[in-house]
S.K.: 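This is the structure I have questions about; it appears just below.
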Amino acid sequence: MSRKQLDATLMTVAALVAFGLPLVVTSPTYLQILILLFFYAYLTTSWNLVGGFAGVLPLGHSVFVGIGAYTSTILTLQYGVSPWIGMLVGGVLAALVGVVIGLPTFRMRGAYFCLCTIAFAEGIRVMVENIDSLGPLKVNGPRGLLIPLKDPSFWHYQFMSKLPYYYIILVMLLIVLTLTWFISRSKIGYYLAAGGEEPEAAAALGVNVANCKLLSMALSCFFTALAGTFYAQLMLYFYPKGLMGLDLSFEIAFIALIGGRGTIAGPVIGALVLRPLNEFTRIYLSDMLPGLHLVIFGLILILVMLYKPQGLTAPLSAVYDKLARKITREPNAKGVAA
Amino acid sequence: MSANILEITTLTKHFGGLTAVSALDLHIEKGEILALIGPNGAGKSTVFNLVAGVYPPSEGTIRFKDAVINGRKPWDLCKLGLARTFQIVKPFASKTVLYNVMVGAFLHTNSTAKAREKAEEVMAVLGLEHLRDRLAGSLTIADRKRLEIGKALATNPELLLLDEVMAGLRPTEVDDMIAVIRGLRDRGVTVFVIEHIMRAVMALSDRVAVIHFGQKIAEGTPEAVTRDENVIKAYLGGDYDAA
Amino acid sequence: MKTQGKGSLLACCLAAALGLYLAASPAGAADKVVKIGNVEPLSGPSASVGVQGKQAREMAVEEINAAGGIKSLGGAKLELVYADSKSDPTVGVTETERLINTEKVNLMTGCWNSAVTYPATQVAERYGIPFVVPVAVRDTITERGFKNVFRVAAKDSWWVRDQFRFLKDMQEETGTKLKTIAFVFENGDWGTGFAEKWRELAKKDGYQIVLDEPYPSTATDLTPVVTKLKSANPDVVMLVSNAADAILLTNTMAEMQVKPKVVLASGGGHADPKFLENTGDTAYGIFDEVEWNTDVNKPGAKETNAKFKKKYGYDLTGESVDAYAAMYVIADALERAGSTDPAKIREALAATNLTSGPAMIVSYDGVEFDKDGQNKNAGIVIVQVAKVDGKPERVTVWPKAARRAGYTPVFPANK
Amino acid sequence: MTAVIQATLNGIMMGAMYGLTALGLTLIFGVMKVVNFAHGSLLMVGMFSAYWLIKLTGIHPYLALLIVPPILYFFGYYLQDLVIKPVFRAERQVREPLTVIIVTTGVWYVLDNLALMLFGAEYRTVRTAISNKSFALGSFIVSIPKFSGFVIAVATAVGLALFMRKTKIGMALRATSLDREAANLMGIDQYKVYNIAFGLGTAIAGIAGCVLIPFYYVYPSVGVVFDIRAFIIVVLGGLGSIPGALLGGLVIGLIESVFSQFMASTWTEAIIYAIFLIILFVKPSGFFGNKQDW
C-alpha cells in the first residue's frame, strides 16, 4: 500500500464514520454537541482561509456570522424567502463587507490589524444594537430576531429531529475543507502563504499580496456567513450581543490556534479538542464551582502555547507520518511538511 | 527597439530633506552584467528599489524594454520580466525550498504541476535539488542566498537584480556563486548586481558603474573604473568615514 | 525533565478536579425521584441572579422533600439538576437538550434571561416536556401558542401597565400633578422592550416625554446620561437598569444633585440585594417595581425570608421568591398528576389553582394559568426606599391594600 | 450650554482615568510589542486588591495607593517571568509574537474566572470617605473621587514619562523598545526588562484600581469593559506612547461625555469606533506613535 492510498483510505474511513455516527449516537444531546462541534470546525476552517493562510489574525469574524444570520432571517420573516436562498444572499453580502473592511485593514500589520478587526466588529455590533429598523428592514436592535416554528421541511430549513442539521453542517464542513485543501495546493494558496510570511519578497515574485488577501477574505467571509444562517435556523433565535460579540470571534481564533492555523486539519483538530472540553467541563464542573471550566480552558490554552506553539496538528501529523511510514514500509521517506 | 533593456535617465529620489539618488543616468544592454558599486550609504539599494518599484522616483524616468515603468508596482514589474533579490534575504521560512521556488514559478502558470516542474528545473540549475524538502528557515547563509536567486529565477526574468548576493559568503562559496551568475547570463538573462566584494565584481561584470552620495562618479570596464581617481578617493574617504 | 514535571502537575489538577466532582455527586439517591432540569446563568454576566435563583430553589426543594416529598408518588423526592447557561442562548439550548435527553428530567424550569428562555422553551415544547418559567418577563414567551410553557411571574406589558397605574393612583391620592416624564433604560432586550410600552402608555396618559435615553449596560460612566437628565428636568424618571448600572446611576444622580419628583425603577438591578448596600442614603425616595418585598403582608413571608437570610446571608428578592414559589407550583402539580409522565404533569400544571401553602408568600393571591400558560393572577408591588431604624429599607406602598401599615409614601419624593 | 460645559468637565476627568487604564497597556506594548489581552484582568486584580484592602482595614482609598501598586508590581513581574517569558523565548525571532497574544488571552480567562470562583459573580463597591462627595465650581458640580482620580492619572503619566527618561531602568526600557537586539548587545537583559515592564504595567493597573474603586464597582469580568476601550485609546494615542495614552483617553472621555448631550448615549459608543477607525486610516501611528517598522 502506498502512502497516497493510505491517506485516501483513512480519509474515506473518517468521512464514513462521520456520516455513520448518528447510527450510534442517537441521543439528541450528543448529536447537538456534535453539531456544534462541526459548526465550530466549519467556522474555524472558514476563518482559516484568511486567518491561517494569509498570515493575519482577524479577531472580529463573528460579525460575518451575524450578517449571514440577519440577512437570511430578515428575508424569511419579511419576504417569505427560503433561508436557503437567504443564506447565499447573506454570504455574498458578507463577502462584500469583508472586502470593504479588508481594503484598508490589510495595510496594517500584526497588532494593529488585530485591533482594527476588533474595532470593526464591535462597531458594527453596536450599530446593529442601535438600529430598530433599517429602511423597511426590521433589525429589532438589541432584542434580536425570533424565527417562529414552521412546518418542518427542507424548504423552511426547520426540522423536527437533529439529524438533518447534523448532515447539513457535516456537508458544509466537508465542502469548505475540500475547498481549503484545493486552495492550499493551488497558486492562490502558495501566493497567500508567501504574502503572509514575507510580503515584500512575495511582491517581488509577482504576487499582488493585497489582492490575494482580499480574495481570501471574501471567500472566508462568504463561508462564515453561511454558518450564521445555519445557526439561526438551528436555534431559531439570535441577538447581536450573543451572535456578533467578541466571545465568538475569539473562540474561533482559539480553535484555530490550538489546532494549528494554516493547516487543513488544524481547525477540525482544534474543535475536536476544545468543544468537548468546553461542553463537558461546563456540564460536570460548573455546578460546583462556576468558572472552573473556563479556568481549565484558559490553562489549556496557555499550556498548548507554551509547549506546542504551532498547535496540535504539527506533533500529531509527525506521529501519523511515523506510523504511516511503518505501515507503508517506505524506507525513511522524505517527509514533506504538511 | 533599442539594445538597452534598462534605461535610467536623471533618476532622483528624495526622502524628506535627504537626496538619496540624484540625477542618475544608467543603462544596461541586453545580455550584459552590470555591477553597481559604491561605498556604504551611496544609494545603491535605493536605485534597486526604485527600479524594482518599491517606491516611485521623485524625478526622472526608468525605461524597461522601452516602456516607462515609473511607479509601477513590484508584482507588475515581475510580470514584465524584472526580478530581484533582497540584500537581507527573505525566504518563506516555514516552507520547504521547493515551495519557495514554486511561488516564483507560479508567475507564468496556474497549474501546480507545471509550477513544480519549473521549480525543479530551476533548482537543478542552481544545485538546490538536494535541499528540496528542507525548510527554508533551516538553510545556511550560502544556501539562502542561492534560494533567493532561485525564487527570482523561477519567474523567468529577462532582467535580474541581485542585491549583494555574495555578502557573508566564504571565498569558495563566492566562487560558486560567480559561476552560477555567469551561468545565468549564458541562459540569456541580463544581470544587474550590487556588490561589495571587489573580486566578484572584477570577475563578473562587463561594465561597472560607481555611485557616491547618490551621484554617478565613474562608469566603464572593471579595470578602467578601479584606476579612476574619483573612485579611489570615494572609497578611501568612505573607509575613513566608516572607521 | 522539566516538561514531565509540568505535565504531571496538570494531571494532578485534573485528577483533583475529578475527585471533587465525584465527591460532590450524591452518594445514593432515594428510590423514587422526580428530576427537575434547571438552566440558570451560573457564570457570566448574570451569574449573581442565577445563583440567587438556585439557592431559592434549593431551599424550596429541601422543604418539600423534608415534608415527605410527593405523596401521590410514594413520597418521591424532588431532585434538581442544574446546568449553566452563561446567559448564552446557544448554551441554554444545548443544556436544555442535554437535561431532557440525557438526564431524562421530568420537567424543566429556568432560565431567568428572556434571551435564553425563549429558545430553551422551544426545545422543551418540541419534546413535550413541561417548562415552568418563574421569571423571564418578555411577553412573547407565553404568546406563541405553546402547550408546555407556564410562567409564574408577570410579563413585561403588565409591569409597565402597573407602573402607570401606580403613578395615576398616587397623583390622585396626594393631589400632585406630574407632567413631564423621562425614560432612561439599559439598551438590552429588557430595557428596550419596556421603553416601547412606556412610550405608548405615557402618550395615553398625557405625559410629555422630555427624555428618551437608552444607555449601554456596560457603561463605565453614566454622568453624561445624568447630565442630560439634569437639563431635561423631568417630573418623573422611569428606569430599567441591571445590577451594576443601577448603583452607578443612583450614586451619580446624587452626586450631580439631580432630584426629580419621582424616580420609578423596574426591579432588576434596583431590586438586587446589593443595591441598598452599595448606594446607602443616596437611594432614599426611589420607587421600585418588584414582584415581591420582604414586608409583603402574606402569612409565612417573614419566616421564609428569615430562614433564607439565615441560610444564605441576604434577603429574598422578587426573582428568588418566584423561583421558590415555582418549586411549590411544580410539587402541587406532581401531587395531582400522580405520575412522572410529562404529558400528565403538563395536564396537572394546566389545571393549577394554587391559593395556599408556602408558595403563597408571593405578593398576589394564587397561581392559575391561562390557555397560553401565563399566571393570570401574577401581580406586582411597588416599594419605596425609606429610612427605617436609621437604615435604608424597601417599604411596600402600592397597591394600597398591600401598603405597610403606618407608612405614608413620600410622593413626590423631591419638591 | 451649561450641560455641555458640565459634560466637558466630566469628560476630561473620566478621560484621564481611561488614559490611566490604558497607560500600562501602552507601556507593555512599547517595550515588548505585545498587545496584552490580559490587561483588563490585571485591572480587575488591582480593583479587587484595593477593594479588599479598604473593606478589611477601612483605610482611606488613597492610602491604598501606597500598598496596592507594589503588590501588583510583583504580581505582574512574576506573571511575565513564569508564564509569558517561555513563550516569548520560543518566538524570539518573530517580529510580532502572536503566540504571546494568545497566551495573554489565556491568562485573561484564568484570572477572570479564578476571581469568579473566589469572590462570586456579584459586583461590589466599598463606601469610602470620599464616595459620592462633590464640590461646586461655580454652577458646575465636580465629583471629588473623579477629580482626584484625574489628578492621580495625570501625575502617574508624568511620573512614568520622567521615569522613562531620567532613570537607568527607564532608559533600559526605552532602549529595548527601540531595538531588542541592540539592547541585548549593549548588555541589557531583555527578559529582565520585560519582567520590569510587565510589572510596571501591572502596578499602573493597580493605581487605576485604587482610583476607580471609590466610585465604581468591581466584579470578576469588570476588566472587559475597560479592555476594549484601552485598546482603542492606545491605538489612538500611538501604541507605546505615554502622552498618547493620556490624550487618547481624554479624546474618548470627551466624545463619550459631550457627544451624548446631543444623541442617545448608546450611539457615542458607535462614534468612538468610527473615530478610531478614521484615525487609524488617516494616521495609523496614532497621535504620538513613531512610524517604525516593528
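Keep in mind that the numbers below use all heavy atoms, side chains included, and drop hydrogens, waters and symmetry copies. Note on naming: letters A, B, ... go to the chains in the order of the sequence lines (proteins, then strands), and numbering restarts at 1 for each one. Note that the structure is a prediction, hence the values are computed from the model and not measured.
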S.K.: Check whether D/Y217 gets within reach of chain C through its side chain, its backbone, both or neither, counting any heavy atom under 4.5 Å.
M.R.: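 Answer is side chain: those atoms of D/Y217 sit under 4.5 Å from chain C.
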
S.K.: Taking side chain as everything from C-beta outward and backbone as N, CA, C, O, which of these in D/Q261 sits under 4.5 Å from a heavy atom of chain C? Side chain, backbone, both or neither.
M.R.: both

S.K.: Under a plain distance cut-off of 3.5 Å, with no hydrogens placed, do D/D112 and D/S221 share a side-chain donor-acceptor pair?
M.R.: no

S.K.: Would you say the rings of D/F226 and D/F231 are close, in the sense that their centroids are separated by under 6.0 Å?
M.R.: no

S.K.: Which answer fits C/A254, side chain, backbone, both or neither, if we ask what part of it has an atom under 4.5 Å from a heavy atom of chain D?
M.R.: neither

S.K.: For C/K230, which atoms come within 4.5 Å of any heavy atom of chain D: side chain, backbone, both, or neither?
M.R.: side chain

S.K.: Any idea which of C/T220, C/N251, C/D221 has the most non-hydrogen atom pairs under 4.5 angstrom with chain D?
M.R.: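 Top count of heavy-atom pairs under 4.5 Å with chain D: C/T220.
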
S.K.: Is the distance between the ring centroids of D/F259 and D/W267 under 6.0 Å?
M.R.: no

S.K.: Scan side-chain atoms only and decide if C/S320 and C/T317 contain a donor-acceptor pair under the 3.5 Å cut-off.
M.R.: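 The criterion, which ignores hydrogens and geometry beyond distance, is satisfied for C/T317 and C/S320.
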
S.K.: For a ring pair (Phe, Tyr, Trp, His ring centres under 6.0 Å) check, start with the C-alpha distance between C/F185 and C/Y215, then their side-chain angles and the critical distance, and finish with the verdict.
M.R.: CA-CA 6 Å; C/F185 51 97; C/Y215 67 86; 7.8 Å; no

S.K.: Using non-hydrogen atoms only, which part of D/M17 is less than 4.5 Å away from chain C: side chain, backbone, both, or neither?
M.R.: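 Contact with chain C: none, neither part.
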
S.K.: Do you know which of D/G253, D/S143, D/G11 has the most heavy-atom pairs with chain C at a distance under 4.5 angstrom?
M.R.: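 Going by pairs under 4.5 Å, I would pick D/S143.
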
S.K.: Taking the six-membered ring for Trp, are C/Y314 and C/F308 ring centroids under 6.0 Å apart?
M.R.: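 Ring centroids of C/Y314 and C/F308 are less than 6.0 Å from each other.
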
S.K.: Among D/Y219, D/F215, D/Y18, who wins on heavy-atom pairs under 4.5 Å with chain C?
M.R.: D/Y18

S.K.: Would you say C/Y82 and C/E95 are linked by a side-chain donor-acceptor pair, where the criterion is simply a distance under 3.5 Å?
M.R.: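 Per modelled atom types, C/E95 and C/Y82 side chains form no pair under 3.5 Å.
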
S.K.: At a 4.5 Å cut-off on heavy atoms, which part of C/T227 comes close to chain D: side chain, backbone, both, or neither?
M.R.: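 Answer is both: backbone and side chain atoms of C/T227 are under 4.5 Å from chain D.
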
S.K.: Among the options C/T279, C/V225, C/T252, C/I247, pick out the one with the most heavy-atom pairs lying under 4.5 Å from chain D.
M.R.: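 Most pairs with chain D among the choices: C/T279.
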
